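Note that this is a predicted model, so its numbers are computed, not measured. Counting begins at 1 with the first residue of the sequence.
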Amino acid sequence: LDAGEYRRVGGTRALSVDVRVIAATNRDLRGMIAAGRFREDLSYRLNVITITIPPLRERREDIPDLARHFLAKYCRKMLKPVREFTVEALRVLGSYGWPGNVRELENVVERAVILCDGDAIGREDLAVPEASAPAAAVGEKPGTGSLEEIERDHILRVLRKTGGNQS
């Protein structure tokens with residue numbers, strides 16, 4: 001990286017290249033360096049400019065714009081006349097925790113465009129569980145607590161959603 005040179009696998013001569021490396025992670029690199037799981041010297045070579053982007057669940061105001069962007073993208077791609085989201089659909093998208101971040105939102109919108117028969121995507125077109133909204137509303141992060149608590153909460157949410165049907 002420093003010299004702008006590389007050698008092909010099995011090659012004998014160094015080749016020059018003028019590139020910029022963009023690296024992204026959702027890990028705590030400082031913690032990984034301290035634990036010996038990431039090379040400190042490589043960190044110094046890569047870390048020229050740091051841009052921190054919070055996860056989607058921490059910037060819910062971006063969800064409608066991103067969803068509309070993906071809607072337009074997949075309507076063009078699939079030649080579908082879907083024009084908008086219903087208010088209820090946007091509410092559901094805004095209340096979900098998005099553990100898969102923007103990629104998950106894009107996949108949900110793509111699936112909704114595929115399934116939508118009308119000119120607006122409604123709640124019924126979205127593959128998003130609404131049950132995650134109450135945990136986020138109380139200020140508790142989804143997936144916190146012991147494994148037993150997470151499992152219990154998940155089972156209770158599913159039972160509520162299915163009206164107690166255990167099959």
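Looking at Phe70 and Val108, their side chains never come closer than 4.5 Å, going by heavy atoms from C-beta outward. Contact of the Arg57 side chain with the Pro99 side chain is not registered, since no non-hydrogen atoms from C-beta on lie closer than 4.5 Å. Side-chain contact between Asn101 and Pro55 is present, with heavy atoms from C-beta onward closer than 4.5 Å.
Of the inter-residue distances, the one linking Glu110 atom CD with Lys77 atom NZ reads 5.5 Å to the nearest 0.5 angstrom. Rounding to the nearest 0.5 Å places CG of Leu56 at 9.0 Å from CD of Glu61. The structure places CZ of Arg39 at 13.0 Å from OH of Tyr44, a figure rounded to the nearest 0.5 Å. Between Asp117 atom CG and Asp125 atom CG the span is 7.5 Å, to the nearest 0.5 Å.
Here the closest heavy-atom approach between residue Gly122 and residue Ala89 is recorded as C-CB, 3.9 Å. When every heavy atom of Leu93 is checked against every heavy atom of Ala67, the shortest pair comes out as CD1-CB, 3.9 Å. Considering all non-hydrogen atoms of both residues, Pro64 and Arg60 come closest at CD-O, 3.6 Å. Contact detail for Leu105 and Ile63: the closest heavy-atom pair is CD2-O, 4.2 Å. What you find for Leu46 and Ala23 is that their closest heavy atoms are CD1-CB, 4.4 Å.
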- request: Give the C-alpha distance, both sets of side-chain angles, the deciding distance and a yes or no for side-chain contact (heavy atoms from CB on, under 4.5 Å) between Arg68 and Asp65.
  value: CA-CA 5 Å; Arg68 287 184 187 104; Asp65 290 335; 3.9 Å; yes

message: What verdict does the side-chain contact (heavy atoms from CB on, under 4.5 Å) test give for Arg45 and Asp2, after you've listed the backbone C-alpha separation in whole Å, the side-chain angles of each residue and the deciding distance to 0.1 Å?
response: CA-CA 7 Å; Arg45 285 183 172 94; Asp2 289 338; 3.1 Å; yes

field: Trace of the side-chain contact (heavy atoms from CB on, under 4.5 Å) decision for Phe85 with Val109
entry: CA-CA 10 Å; Phe85 292 92; Val109 173; 4.1 Å; yes

- request: Take Asn47 and Leu29, measure what side-chain contact (heavy atoms from CB on, under 4.5 Å) needs, and give me the verdict at the end.
  value: CA-CA 10 Å; Asn47 194 9; Leu29 285 184; over 6 Å; no

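For Asp62, the salt bridge (Lys or Arg N to Asp or Glu O under 4.0 Å) partners are Arg59, not counting sequence neighbours. For Arg8, the side-chain contact (heavy atoms from CB on, under 4.5 Å) criterion is met by Tyr6, Leu15, not counting sequence neighbours. The side-chain contact (heavy atoms from CB on, under 4.5 Å) check on Arg27 picks up Thr25, Met32, with sequence neighbours excluded. Residues passing the side-chain contact (heavy atoms from CB on, under 4.5 Å) test with Glu5, sequence neighbours excluded: Ala3, Ala14, Ser16. Every residue was checked against the side-chain contact (heavy atoms from CB on, under 4.5 Å) condition with Val87, not counting sequence neighbours, and none meets it.
Between the side chain of Arg111 and the backbone N or O of Ile114, no donor-acceptor pair lies under 3.5 Å. In terms of modelled atom types and a separation under 3.5 Å, the side chain of Lys80 and the main chain of Tyr74 share no donor-acceptor contact.
When Leu90, Thr86, Val92 are each tested for a side chain to side chain contact (heavy atoms under 4.5 Å, CB included) with Arg123, only one passes: Val92.
The same ILVMFWY cluster, assembled from side-chain heavy atoms under 4.5 Å apart, contains both Val48 and Ile53. Leu42 and Val21 fall within the same hydrophobic cluster, defined by Ile, Leu, Val, Met, Phe, Trp and Tyr side-chain heavy atoms under 4.5 Å apart, directly or through other members.
Within a 6.0 Å sphere centred on CD of Gln166, heavy atoms belonging to other residues, nucleotides or ligands number 12 at most. Other residues, nucleotides and ligands contribute over 12 non-hydrogen atoms within 6.0 Å of the CG atom of Leu156. Counting heavy atoms of neighbouring residues, nucleotides and ligands inside a 6.0 Å radius, atom CG of Asp41 exceeds 12 of them.
Connectivity analysis of hydrophobic side chains (ILVMFWY, heavy atoms under 4.5 Å, direct or indirect) links Ile155 to Leu159.
Using a cut-off of 4.0 Å between Lys/Arg side-chain N and Asp/Glu carboxylate O, Glu88 and Arg91 are scored as salt-bridged.
Relative ring orientation between Tyr96 and Trp98 is described as perpendicular, the plane-to-plane angle rising above 60° on a 0-90° scale split at 30° and 60°.
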